[in-house]
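Chain A is the first sequence line, chain B the second, and so forth, proteins listed ahead of strands; every chain is numbered from 1. Below, each value reflects all heavy atoms present in this structure, side chains not excepted, and no hydrogens, waters or symmetry copies.
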2 protein chains.
Amino acid sequence: MKAKITLKDIARELEVSISTVSKALKNSEEISRDTKEKVQAFAKLYNYKPNNIAISLKNKRTKNIGVVIPDIVHHFFTTVIRGIEKYANARGYNVIVCLSEESFDKEVINMEMLANGSIDGFIMSLSSETQEKGDFNHLKEVTEQGIPVVLFDRITNEVDCDKVIIDDELGAYMATKKFIEQGKKKIALITTDDYLSVSKARTSGYRKALEESSLGVDESRILKLPSMEMDEKRIKDFLDSQELDAVLCVNEIFAVYSMGLAQRKGLKIPEDISFIGFTDGLLSKYANPSLTVVSQHGEKMGEVSAKMLIDKVESEEEEETYQTKILEPTLVIRDSIFH
Amino acid sequence: MKAKITLKDIARELEVSISTVSKALKNSEEISRDTKEKVQAFAKLYNYKPNNIAISLKNKRTKNIGVVIPDIVHHFFTTVIRGIEKYANARGYNVIVCLSEESFDKEVINMEMLANGSIDGFIMSLSSETQEKGDFNHLKEVTEQGIPVVLFDRITNEVDCDKVIIDDELGAYMATKKFIEQGKKKIALITTDDYLSVSKARTSGYRKALEESSLGVDESRILKLPSMEMDEKRIKDFLDSQELDAVLCVNEIFAVYSMGLAQRKGLKIPEDISFIGFTDGLLSKYANPSLTVVSQHGEKMGEVSAKMLIDKVESEEEEETYQTKILEPTLVIRDSIFH
DNA sequence: AAGTACAGCGAAAACGGTTTCGTGTTGATA
DNA sequence: TATCAACACGAAACCGTTTTCGCTGTACTT
């Protein structure tokens with residue numbers, strides 16, 4: 001086991017000072033050609049690599065980004081992480097992932113763990129419990145300490161920071177309008193309670209499209225589940241309780257599950273009933289029939305978030321100006337609707 | 001913006017030395033009741049939290065784990081991360097995730113980035129390129145430096161370290177046997193080239209089950225794709241080229257896609273043709289029909305890996321003894337086969 | 001009165017770097 | 001010959017902790 005070599009080791013071996021070694025390795029003008037060559041050769045030979053921790057302590061920069069998300073098994077968050085990771089890595093940053101598992105307490109604990117020097121900034125999507133509680137003090141504390149935060153997807157307006165979202169209202173509006181254009185009359189919405197910022201916006205887009213049409217909103221056609229967790233019984237009861245010819249769901253799991261129920265009842269998709277979901281995941285692509293979705297462009301969202309964060313981290317000025325980027329959703333047409 | 005407070009700040013305010021503050025906060029016997037109370041009260045008031053980086057530098061322990069995996073969008077890896085994250089967090093560790101994207105170079109670069117002090121140990125699954133090349137020097141270097149490594153799922157025997165796998169051969173054997181028991185005769189396998197350790201083992205289990213039966217292996221019923229990437233054309237051509245009554249696939253995507261093709265040909269599942277895949281993801285659960293799979297217990301695998309790694313990191317002894325844990329796969333029976 | 005014990009605290013080194021600010025040597029210049 | 005700039009390097013501070021060791025003062029012992 002050959003331990004890591006340090007500047008001190010090189011200095012001792014070559015009988016020069018630590019400062020000289022440090023400068024030589026950085027190709028400083030101050031050091032003679034001769035010495036530089038000697039030091040660099042030695043460093044290469046022993047595979048010297050500076051200790052990141054020491055550099056972090058000195059620079060007060062860790063080159064780590066903290067990502068705190070509710071869940072990692074949902075395809076959307078996975079793609080966001082991938083986007084963040086790719087972009088961050090290209091700029092020399094590492095990504096520390098923490099899962100809040102939709103719990104307020106875990107979100108707080110995770111942030112506290114990371115906020116004491118481990119990271120240069122946060123990229124987060126709020127846990128449902130946090131959005132429900134409306135308590136954002138942990139975020140405020142962090143921003144007050146000067147640690148930059150970028151909120152994506154599940155955001156709040158009560159915290160001053162950069163934000164990245166897709167236009168969820170528009171997405172739902174587009175989807176609902178598509179149904180209407182295709183002659184669907186009884187259009188349902190399976191969503192979650194309004195405390196989730198995204199669900200609220202999507203519900204609003206759904207309403208808007210219906211209100212603009214001659215159809216109007218029928219409240220009994222809206223199912224609000226308490227969370228994004230699958231609740232097979234409630235969805236089944238809801239779909240069994242009435243006749244529908246189109247269903248919009250706030251995620252792909254609800255949609256694919258609903259399609260299965262419809263098929264078991266002998267309904268033809270999309271003729272008898274059409275479906276559109278949110279999130280363009282594997283499930284949508286490989287479902288049978290494949291599911292039309294409102295794509296949230298998770299990877300793009302991750303990239304944009306990472307760019308905003310790193311730009312802020314590396315900017316010298318302490319401008320307290322925050323922006324909210326709104327990405328456009330797109331409808332990915334597949335076999336669960338006419339086309 | 002109130003910046004973080006340090007020991008030095010407290011010392012200055014309270015007119016004591018830094019050492020005294022440090023000790024007082026740790027409730028050292030050395031410090032008088034009075035002073036301790038004063039210091040602790042002050043620290044609490046100003047919400048003092050020790051700087052992780054400084055502590056890392058001092059202790060040569062970061063409480064960070066580096067996880068390097070080929071991909072994050074595959075359900076299996078996602079669940080493993082979740083298992084790692086949960087367990088590691090409970091023991092006070094953070095998880096730094098890096099994606100190799102199946103590239104040897106990225107794997108090397110990521111490891112190098114992390115190996116210079118950022119982490120206490122690695123949990124990894126090899127990229128396909130690494131397994132194909134058979135070059136494991138980056139792993140060897142790291143272990144030689146005394147950094148513990150745990151390899152999971154995609155492993156190699158050329159590196160001395162702890163390993164966690166499921167019994168892939170057994171999993172494929174169980175699945176194939178199930179087909180045979182259900183009277184299937186023409187059983188195909190869709191897999192990848194043997195350089196992927198898991199595919200090799202699975203192919204071997206498939207062969208074993210067939211050889212044990214009266215059926216025997218028909219090489220034309222084995223499709224070896226170059227990677228885990230979806231190749232719709234080759235799968236379609238393969239399935240179109242012959243008559244089959246059962247298909248085992250090394251992942252759920254291949255299986256679900258294949259089911260779709262069969263259905264479009266008018267075949268009934270599972271009567272005319274049955275399917276089993278690997279990986280118990282959302283896709284399997286919500287596919288139509290739902291897919292029977294060999295579950296790899298990703299979350300468990302993550303937990304076990306994290307436990308092995310952290311135990312090693314925290315153990316004092318430098319015992320160079322490594323173990324390989326083999327988890328049992330289980331067959332999750334769903335509608336794509338008889339039951 | 002001298003010695004001892006101990007409580008309570010601070011100085012300083014250490015972790016591994018970076019960076020500022022000298023300082024001694026050399027050769028050229030006036 | 002005295003002056004000076006340039007060159008090449010080292011000492012030391014610093015980032016924020018922890019920890020060892022030594023010092024001071026008080027109280028107690030004999």
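Within the structure, a side-chain polar atom (N or O) of B/Lys26 is placed less than 4.0 Å from OP1 or OP2 of D/dT18. At D/dC9, none of the side-chain N or O atoms of A/Thr20 fall inside 4.0 Å of OP1 or OP2 (strictly under the cut-off). At least one side-chain nitrogen or oxygen of A/Thr35 sits closer than 4.0 Å to the OP1 or OP2 atom of D/dC9. For B/Ser56, no side-chain nitrogen or oxygen approaches OP1 or OP2 of D/dT17 to under 4.0 Å. Contact between the side-chain N/O atoms of A/Tyr48 and the OP1/OP2 oxygens of C/dG17 is found at a separation under 4.0 Å.
Here the nucleotide nearest the side chain of B/Ser32, chosen from C/dG17, C/dG8, C/dC15, is C/dG8. Distances from the side chain of A/Lys58 to the nucleotides C/dT18, D/dC9, D/dG16 place C/dT18 closest. Checking D/dG16, C/dA11, C/dC15 against the side-chain heavy atoms of B/Thr6 singles out D/dG16 as nearest. Closest to the B/Pro50 side chain, of the nucleotides D/dT17, C/dG17, C/dC15, is D/dT17. Between D/dA11, D/dC15, D/dT19, one nucleotide has an atom nearer to the side chain of A/Leu57 than all others, and that is D/dC15. Taking every side-chain heavy atom of B/Ile55 into account, D/dT18 is the closest of C/dT19, D/dT18, C/dA11. Relative to the side chain of B/Leu7, the nucleotides C/dA12, D/dT17, C/dT18 differ in distance, and D/dT17 lies closest.
Heavy-atom distances to DNA chain D give each of B/Glu30 and B/Ala54 a nearest nucleotide, and the one nearer the 5′ end belongs to B/Ala54. Along DNA chain C, the nucleotide nearest to B/Glu15 and the one nearest to A/Ser22 differ in position, and the one closer to the 5' end is contacted by B/Glu15.
In this structure, B/Asn51 atom CG and C/dG17 atom P are separated by 18 Å, rounded to whole Å. In this structure, A/Lys36 atom NZ and D/dA8 atom P are separated by 9 Å, rounded to whole Å. We find that NZ of B/Lys8 is positioned 4 Å from P of D/dC15, with the value rounded to whole Å. One atom, CD1 of A/Ile18, and another, P of C/dA14, lie 11 Å apart when rounded to the nearest Å. Nucleotide D/dC7 holds its P atom 9 Å from the CD atom of A/Glu29, rounded to whole Å. Straight-line distance from the NZ atom of A/Lys63 to the C1' atom of C/dG17: 16 Å, rounded to whole Å. Rounded to whole Å, the distance from CG on B/Asp34 to P on C/dG8 is 10 Å. Atom CG of B/Leu25 is separated from atom P of D/dG16 by 16 Å (rounded to the nearest Å).
Salt bridge status for B/Glu129 with B/Lys133: absent, with no side-chain N to carboxylate O gap under 4.0 Å. Remark: B/Lys163 does not engage B/Asp153 in a salt bridge, criterion side-chain N to carboxylate O under 4.0 Å.
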List the steps and the verdict of side chain to side chain contact (heavy atoms under 4.5 Å, CB included) for B/Val108 and B/Phe104.
CA-CA 6 Å; B/Val108 173; B/Phe104 174 80; 3.8 Å; yes
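None of B/Ile84, B/Ile65, B/Asp120, B/Asp162 except one satisfies the side chain to side chain contact (heavy atoms under 4.5 Å, CB included) rule with B/Leu309; the exception is B/Ile65.
Interface remark: the B/Ser19 side chain does form a donor-acceptor pair with the C/dA11 base, using a distance-only criterion of under 3.5 Å.
To the nearest 0.5 Å, atom NE2 of residue A/His74 and atom OG of residue A/Ser125 are 11.5 Å apart.
Annotation: B/Lys300, atom NZ; neighbour count of heavy atoms from other residues, nucleotides and ligands within 6.0 Å does not exceed 12.
Using a 4.0 Å heavy-atom cutoff across all strands shown, A/Lys60 reaches sugar-phosphate atoms only and no base atom.
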